[in-house]
Amino acid sequence: MKLRWLLILAWLAALLPPALGEGGLVPSEIKMKAALQSVIAQQLEAIRAGDYAAAYVFADARIKSMYPVERFEQMVKSGFPIIAHSTSAKFGLTFDDGDNAVVNVRVFGAERQSLDYQYTLRRDGEAWRITGVSLLKDQTTEV
């Protein structure tokens with residue numbers, strides 16, 4: 001049993017950003033977790049509704065400087081098709097340091113296919129903005 005937990009912890013550590021090991025990000029408290037997940041959920045809802053202008057509001061200034069709203073829409077549709085056509089999402093591990101955060105999200109497509117993504121966010125005044133989304137590689141192995 002102890003070996004199993006050690007393997008699970010090693011697997012989780014492989015999914016976490018390097019800053020966690022350096023004392024940076026820590027597991028988010030309930031209120032922070034809800035705030036971070038709300039930002040992502042609102043952006044996903046706007047994308048589902050085809051309202052990319054509303055989804056764009058949740059993007060960080062760096063993303064906005066690289067992608068005007070029309071290119072943002074194209075980038076989501078071509079680079080993240082499951083997100084563009086998602087039906088739901090399930091939130092996983094959530095970490096923050098008060099100014100930066102990482103949230104793992106399983107996004108479900110129309111036919112219940114799913115992919116796991118890692119969202120990164122940054123505090124912008126009182127609001128949180130999404131700084132990036134990356135596909136999580138399958139880290140599972142048989143034990």
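- Using modelled atom types, one side-chain atom of D51 and one backbone atom of A54 make a donor-acceptor pair closer than 3.5 Å.
- Looking at V105, L115, V133 one by one, the single match for side-chain contact (heavy atoms from CB on, under 4.5 Å) with I83 turns out to be V133.
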Test side-chain hydrogen bond (donor to acceptor under 3.5 Å, both in side chains) on R48 and S86 and set out the steps.
CA-CA 6 Å; R48 273 187 219 114; S86 72; 3.1 Å; yes

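- Between I130 and Q43 the shortest side-chain heavy-atom distance falls below 4.5 Å.
- The backbone N or O of Q74 lies less than 3.5 Å from a partner atom in the side chain of S78, making a donor-acceptor pair.
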Run V26 and D97 through side chain to side chain contact (heavy atoms under 4.5 Å, CB included) and show every step you take.
CA-CA 6 Å; V26 296; D97 67 4; over 6 Å; no

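- Under a 3.5 Å cut-off, the side chain of R123 and the backbone N or O of G98 do form a donor-acceptor pair.
- Pairs engaging residues 40-68 under the ring pair (Phe, Tyr, Trp, His ring centres under 6.0 Å) rule: Y56-F72 [sequence neighbours left out].
- In the hydrophobic clustering of this structure, V107 groups with I40; members are Ile, Leu, Val, Met, Phe, Trp, Tyr whose side-chain heavy atoms approach within less than 4.5 Å, directly or through other members.
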Does S28 form a side chain to side chain contact (heavy atoms under 4.5 Å, CB included) with Q37? I'd like the steps, not just the answer.
CA-CA 11 Å; S28 298; Q37 292 175 0; over 6 Å; no

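- Heavy-atom contacts from other residues, nucleotides or ligands closer than 6.0 Å to CD of E29 number 12 or fewer.
- Both Y119 and M32 belong to a common hydrophobic cluster when Ile, Leu, Val, Met, Phe, Trp and Tyr are linked at side-chain heavy-atom distances under 4.5 angstrom.
- Linking ILVMFWY residues whenever their side-chain heavy atoms come closer than 4.5 Å, directly or via other members, leaves I82 and F108 in distinct clusters.
- Within 6.0 Å of atom CD in E111, 12 or fewer heavy atoms from other residues, nucleotides or ligands are found, so the atom counts as exposed in its surroundings.
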Going through the checks in order, is the side chain to side chain contact (heavy atoms under 4.5 Å, CB included) test met by V103 and Q118?
CA-CA 6 Å; V103 181; Q118 188 167 78; over 6 Å; no

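- The closest donor-acceptor contact from the side chain of R62 to the backbone of T131 lies under 3.5 Å.
- Judged by distance alone, with hydrogens and angles left aside, the side-chain atoms of D124 form no donor-acceptor pair with the main-chain N or O of A127 at under 3.5 Å.
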Step by step, would you call N104 with D116 a side chain to side chain contact (heavy atoms under 4.5 Å, CB included)?
CA-CA 7 Å; N104 289 351; D116 294 328; over 6 Å; no

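- Environment of NZ in K90: sparse, with no more than 12 heavy atoms of neighbouring residues, nucleotides or ligands closer than 6.0 Å.
- Between the T94 side chain and the G92 main chain, a donor and an acceptor come within less than 3.5 Å of each other.
- Under a 3.5 Å cut-off, the side chain of R129 and the backbone N or O of V57 do form a donor-acceptor pair.
- Criterion: ILVMFWY side-chain heavy atoms under 4.5 Å apart, direct or through other members. Under it, L93 and L121 are not part of a common hydrophobic cluster.
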